[in-house]
Amino acid sequence: METLIFYTTAFFILAAAGYVVTTMNIFRAAIGLTGVLAGIAGLYLLMNAQFLSAVQITVYVGGIMVLIVFAILLMPEASMHLRRENPKWFRFIGGVSAALVFAVLAYSITAFIGAQDAAGTSLEPAAASIREIGLALLSPGGNGFVLPFEFVSVVLIAALIGATTIAKRTPNPETKEEQE
Amino acid sequence: MNIFVKTLRGLKGLLSGMGLTFGYFARPSKVITQQYPENRNTLKLPERSQARIDLIKNAETGRYNCIACGLCVKACPNNSIELTKFKDPETKKFRPEKFVYHFERCLVCGLCVEACKFDALRMTSEFETAAWSPDDLVEILNKDDPWAHDDKSDIGQQTAPDKNEQTASPARDTDRQEHTGAEEKTIQPKDRSPK
Amino acid sequence: MESYIYRTDKLILDLTEWLTEATGSAFAAEVVKMSIAAAVLSAFVGLLAMILIYIERKVAGHMQQRVGPMRVGPHGILQTVADSIKLVAKEGLTPKNADAFIFNLAPLLVFASSFACLSFIPFSPGMTIVSFNVGLLFILGIASVGVLGILAGGWASNNKWSVLGAMRSGAQIISYELSATLALLAIVPFFGTLDFQEIVLSQQKGWWIWRAPGVGLLGFLIYTIASTAECNRTPFDIAEGESELTGGFHTEYSAMKFAMFFLAEFINIFIVSAISATVFFGGWMPFHIEGLDTLNRVFDLLPPIVWFFGKVACLVFVVMWFRWTFPRLRVDQLMHFEWKYLMPLSLINLALAAIAVSAGLYFFN
Amino acid sequence: MNSPGLEHYLIFAALLFCIGLYGIVTRRNLIGMLMSVEIILNAAALNFVAFHRFKFGGDVAGAMFPLFIIAIAAAEAAVALAIILALFRRKRNLDVLSDNLLKN
């Protein structure tokens, strides 16, 4: 059962991801990306990481995707249709480089798994509970993550202020010249 | 502190509004909607309600007040009044020969009533005006005058001839000839058709 | 048989056991159980939407000294049935220049996200379709997927008013979602779990709206306001301002696709009321006052499911009451209200809750 | 078929990573590139969770990294979209190769 769910979800995610990188319509790409993110939340559930799954859906699908879609709606002319796409050799380079990277990764993964099986060091499958995650997130010391946690909050605030400042409508020097 | 006072005042306003609507909700007796076809016998319309126009008769003489001046025709934005007139040999005054009311075009705006200087038009409350065909909506309002019969075949260019009533027309046509004076003039509505 | 109404958890357990015996494997039993749940839920959604629409129209009527639908059936109870038959029988149109794929996908997205939320709601002891340990967080996450459907629908319609309506609607929902989430999270430290059934069980001694000192009441008020806005209900319905934007994002939709948006809207009202009832008013837990055993036993006579739906019905009525009382807000007022008043207030509420929990300050302990 | 283990997830994440890479190389639209980056980030996060579950017996650190990745991705998307919006206002298009902004 688990296998069936895994393969279905994985196939769905890969198809959606392929659609995201090949479609000529950026809005459809965004909808495809939503599928990818939701599918990965499903894989988290399959790995018993419910908290991560919930966070994935809340932040990624409900937050970042909405942000991207809003950005697309705000910039209609430039993003609806990607008419001036690349020449074919560009896509060829992309395909070749992706295939090469995949070959390297696949080789190292199989080698790694083989070494693992030989050494037999893997532990029983388990997942961190919410309580553990919560405690680790707020405890200092060796197993605690309170410092990165605080750093992330600072980064988020900085990003918030920075994004507002950058996106604020400033008088455009070029258009000003035209007006004069 | 000002903001707290404001907030509290706003909350009070919201709550009193909610109290009002809940009061209406809780007392079904306050409902003012009328269930129309059921209460037809007891239905009372307000006096000033307006549904269609009608000609006013003088109570003493039994004649229509209308002198066929054509002000209403000019006032009507939709060309819904069509009027022909003749000079009454008795009184030497103009009277409507046919006062044709095209209800299918009427907006019930009441501009004709406002335009009328002789107290000859009024709005009635007779609101059940549904009909099976647009032709049924064309009506001659001075139908009590003996010369204004119900034959609609010669009414304006806009109306299609009604075949059912054509048979009745020759008999009444003579009737009309007796009463019509020599001078006959049609007040045609202004052409306001869109170009 | 009678005890099953009160102990639905036992009913579910017995059903699972029986199904496992009958089908021979736990997996098949689970599949059958889920199929039953899906069928029941689908029927429930249809029925719920019809009842809610009927009640909405009746409430609207009586609050405005009218009577609402009266013709189809006694007191018009079949009106929504007739309406839905009409909606289903209509032709589904897709505008000529619309992006057909996304145009058809959008109502599904909106409807699916609302429908999925229903599976976390605890209707009765043990009666939750998906019971797992982050239910509250998950429901908040899934509810926000609906925004994407709204934006997609507005964009795919290829109509500038639809896009404007969708953007207003989306901006409004994601803004008010913050307050709604924060208001709920302020109560989470009190019960220390995100599982809906455990949330209900933690209110055996009293509902959290009273037990959490002040925080509960404030949180409930914030959540009610924010969730009303999240459902795009008046007084926050500028997304569908009929005089300016016609129908907002669903202007171009007709027939079944429109019905899906409509259905999702009414399910959302039910869901936010159900969450509110579960978190603040004890879910299916009967009202108990400690010490008054006779009274408590009288209250226990009503089965939990009746308590649950009773509480939800009261909250739904309040939302409808808002709609037919208050005038609509302007779009800038809406955003000011959220970002300048409601958000800081819910953050303060969260801080107060943290202080109250760490000091052990709650009633009926 | 045995139930999916570490290698399944790793291979899957590698595939997803390569799709994201292909997207970054071929896309010329800035938002499209941002989406490809999101795919790559997700592939990486998936790796962390897979290792945490199958290799380290539910060690908290593996569940913590995806959380931080998601948080940073949110910040990154916000800033990137703000920059894209500002750029769009100036140039009226989002093509990275259309003209070289830094040259002039």
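Note on naming: letters A, B, ... go to the chains in the order of the sequence lines (proteins, then strands), and numbering restarts at 1 for each one.
- How far CD1 of A:Ile113 is from CG of D:Leu6: 4.0 Å, rounded to the nearest 0.5 Å.
- Of the listed residues A:Met65, A:Gln56, A:Met47, the one with more heavy-atom pairs under 4.5 angstrom with chain D than any other is A:Met47.
- No other option in A:Leu105, A:Leu67, A:Val59 has as many heavy-atom pairs under 4.5 Å with chain D as A:Leu67.
- Atom CE of D:Met64 is separated from atom CG of A:Leu52 by 9.0 Å, given to the nearest 0.5 angstrom.
- Your options are D:Ala80, D:Gly23, D:Ala43, D:Ala63, and the one with the most heavy-atom pairs under 4.5 Å with chain A is D:Ala63.
- Put simply, CD1 on A:Ile166 and CG on D:Leu85 are 10.5 Å apart, with the number rounded to the nearest 0.5 Å.
- Only the side chain of A:Tyr44 has a heavy atom closer than 4.5 Å to any heavy atom of chain D.
- Ranked by heavy-atom pairs under 4.5 Å with chain D, the list A:Ile93, A:Leu14, A:Val101, A:Val152 is led by A:Leu14.
- Atom CG of D:Leu34 sits about 9.0 Å away from atom CD1 of A:Ile64, to the nearest 0.5 Å.
- Put simply, of A:Leu156, A:Leu37, A:Leu43, the one with the most heavy-atom pairs under 4.5 Å next to chain D is A:Leu43.
- Of the residues considered (D:Leu21, D:Ile83, D:Ile72, D:Ile70), D:Ile70 shows the highest number of contacts with chain A, using heavy-atom pairs under 4.5 Å.
- Interface summary for chain D: among A:Pro148, A:Ser97, A:Ala158, the most heavy-atom pairs under 4.5 angstrom belong to A:Pro148.
- Of the inter-residue distances, the one linking A:Leu46 atom CG with D:Tyr9 atom OH reads 4.0 Å to the nearest 0.5 angstrom.
- Interface remark: of the candidates D:Gly32, D:Pro66, D:Ala13, D:Gly62, D:Pro66 forms the most heavy-atom pairs closer than 4.5 Å to chain A.
- If you measure heavy-atom distances from A:Ala17 to chain D, the contacts under 4.5 Å come from both the backbone and the side chain.
- One finds the NE2 atom of D:His8 at 12.0 Å from the CD1 atom of A:Ile109 (value rounded to the nearest 0.5 Å).
- Contact count versus chain A (heavy atoms, under 4.5 Å) is highest, among D:Ala73, D:Ala86, D:Gly20, for D:Ala73.
- In terms of heavy-atom pairs under 4.5 angstrom with chain A, the leader among D:Val79, D:Asn42, D:Leu81 is D:Asn42.
- Each of A:Ala159, A:Ser153, A:Gly162 has some count of heavy-atom pairs under 4.5 Å with chain D, and the biggest count is that of A:Ala159.
- Contacts with chain A were tallied for D:Leu16, D:Leu15, D:Ile39, D:Ile24; D:Leu15 has the most, counting heavy-atom pairs under 4.5 Å.
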